[in-house]
Amino acid sequence: MSNLIHAVSRMRAREGRLLTSSHVTRMIEAFSFKEAYSVLDDLGYANEVSRQRESGNFEEVLESALFETKSLFAHFGLEKVLSVLMILEDIHNFKTAIKSFRKAEEFSEIESLLLSYSSFSAEEIYALVFQKNAGKENMYEDILFFLQGLEEEKNENQEMEEKVETFFFTRAKKIAGKNVFLHEYIDFISSSEDIKKDFLDLSSEDILIKYAKSSLLSFIKKGLEKKEKDKNFSSLETLFDERTLLFLIQKARGEIDGYAPLFSFFWRQERNTRVI
């Protein structure tokens, strides 16, 4: 438990570096890269910014902060908990790697498509998917077993992707053990992904019928309004982000030794990177 207290304290100390909506607006409305970078300077990113100032690569500056946060999870022995936090990134990366492997592509062809801040490094994914070697003293033996079964089945892409999602959500629940918050987080993320699929696959009328008696009805209506108005999925993603952040911030309020403050901090930091 003391590890969690120290980890939460370290995260709280870093909250002053998070971009707020006003910071993002200032960067977007800046007249030059220099002016935009000054916002990051003010937040304490001077060292990271110095390496990227000439290239205009804001994302790399903020990604370096994500790696720093990931290293804190490892430092406090929370690697498995990190895989619960990063479940969607891990699912994306394994789907991408498995499809590449099935098409007999080289790993180098898809490495740039992998999200760099998932809980698995590119090297680990390569070892698991392409070499069928777990490493790390069989830490990922369950994943190897799953991948071998998937390879034998030769599913179509859609079915394969569904199996990958089911496997990783089930795995996350095992890692969560008896921790109430981790299970709430997994269920929340899983339900959000199901709703996103409904927005893509169902008509507005069918969605309203499906969620007519759900506590999510007001959220669904707001999503449908955005979908109709903007005609794209990016505004819906923003809406889902806001819902997730609200969920985590509420769970983290007043916590000094739980996982919620860590998850809340990382989500806000990761969202900063995507927004910029």
Side-chain angles (χ1 to χ4, degrees), residues 1-25 39-40 42-45 62-90 117-119 168-169 171-196 214-220 222-223 237-276:
M1 190 63 73
S2 60
N3 268 4
L4 269 178
I5 293 174
H6 289 306
V8 171
S9 297
R10 292 280 291 275
M11 294 294 182
R12 297 283 193 206
R14 292 163 181 261
E15 287 186 339
R17 299 184 81 196
L18 292 170
L19 278 74
T20 63
S21 56
S22 62
H23 292 131
V24 172
T25 300
V39 177
L40 297 179
D42 293 343
L43 289 170
Y45 287 94
L62 295 171
E63 271 201 11
S64 68
L66 285 174
F67 283 114
E68 202 176 313
T69 303
K70 267 183 65 179
S71 70
L72 274 178
F73 276 82
H75 177 73
F76 290 107
L78 303 174
E79 291 97 332
K80 284 198 171 184
V81 176
L82 182 63
S83 70
V84 176
L85 168 62
M86 309 296 295
I87 187 169
L88 294 181
E89 288 76 9
D90 290 344
Y117 47 87
S118 77
S119 64
F168 274 96
F169 276 113
R171 182 176 188 267
K173 289 201 169 190
K174 287 181 181 177
I175 291 170
K178 295 182 179 180
N179 186 281
V180 174
F181 165 73
L182 292 180
H183 280 280
E184 288 177 341
Y185 175 79
I186 294 165
D187 289 340
F188 183 91
I189 295 298
S190 177
S191 65
S192 287
E193 291 303 295
D194 288 340
I195 296 169
K196 287 179 187 178
S214 168
S215 60
L216 293 171
L217 183 59
S218 60
F219 174 79
I220 296 296
K222 192 172 181 180
E237 285 286 2
T238 301
L239 185 64
F240 277 97
D241 278 351
E242 290 170 355
R243 179 172 174 260
T244 303
L245 285 170
L246 181 61
F247 166 78
L248 288 172
I249 289 169
Q250 288 174 340
K251 291 293 180 183
R253 192 169 290 128
E255 287 278 337
I256 62 168
D257 61 356
Y259 296 123
L262 307 181
F263 280 42
S264 173
F265 178 85
F266 195 95
W267 255 87
R268 284 180 286 166
Q269 198 175 45
E270 193 269 345
R271 190 188 185 208
N272 285 166
T273 305
R274 283 189 288 115
V275 168
I276 295 300

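The first residue of the sequence shown is numbered 1, and numbering continues consecutively from there.
A ring-centre distance under 6.0 Å is found for F240 and F219.
Here OG of S192 is found 8.5 Å from CG of L88. Values are rounded to the nearest 0.5 Å. The structure places CZ of R253 at 9.5 Å from OG of S264, a figure rounded to the nearest 0.5 Å. In this structure, the separation between CZ on R171 and NZ on K80 is 7.0 Å, given to the nearest 0.5 Å. Rounded to the nearest 0.5 angstrom, F263 CZ and L82 CG are separated by 8.0 Å. To the nearest 0.5 Å, atom CD1 of residue I195 and atom CD1 of residue I220 are 4.5 Å apart. With rounding to the nearest 0.5 Å, the separation of CE in M86 from CZ in F266 is 4.0 Å.
The minimum heavy-atom distance between V84 and Y185, with the atom names listed, is O-CE2, 3.3 Å. Taking every heavy atom of both residues into account, D90 and S118 meet most closely at OD1-CB, 3.1 Å.
Annotation: side chain of L248 is not in contact with side chain of F188 (no heavy-atom distance under 4.5 Å). Side chains of K173 and D187 form a contact here, defined as non-hydrogen atoms less than 4.5 Å apart. With a 4.5 Å cut-off on side-chain heavy atoms, L239 and R243 do not count as touching. Contact of the L262 side chain with the L85 side chain is not registered, since no non-hydrogen atoms from C-beta on lie closer than 4.5 Å. Residues I175 and S83 have side chains in contact (heavy-atom distance under 4.5 Å, counting atoms from C-beta outward).
The cationic atom of K251 (NZ for Lys, CZ for Arg) does not lie both less than 6.0 Å from the six-membered ring centre of F181 and within 45° of the ring axis.
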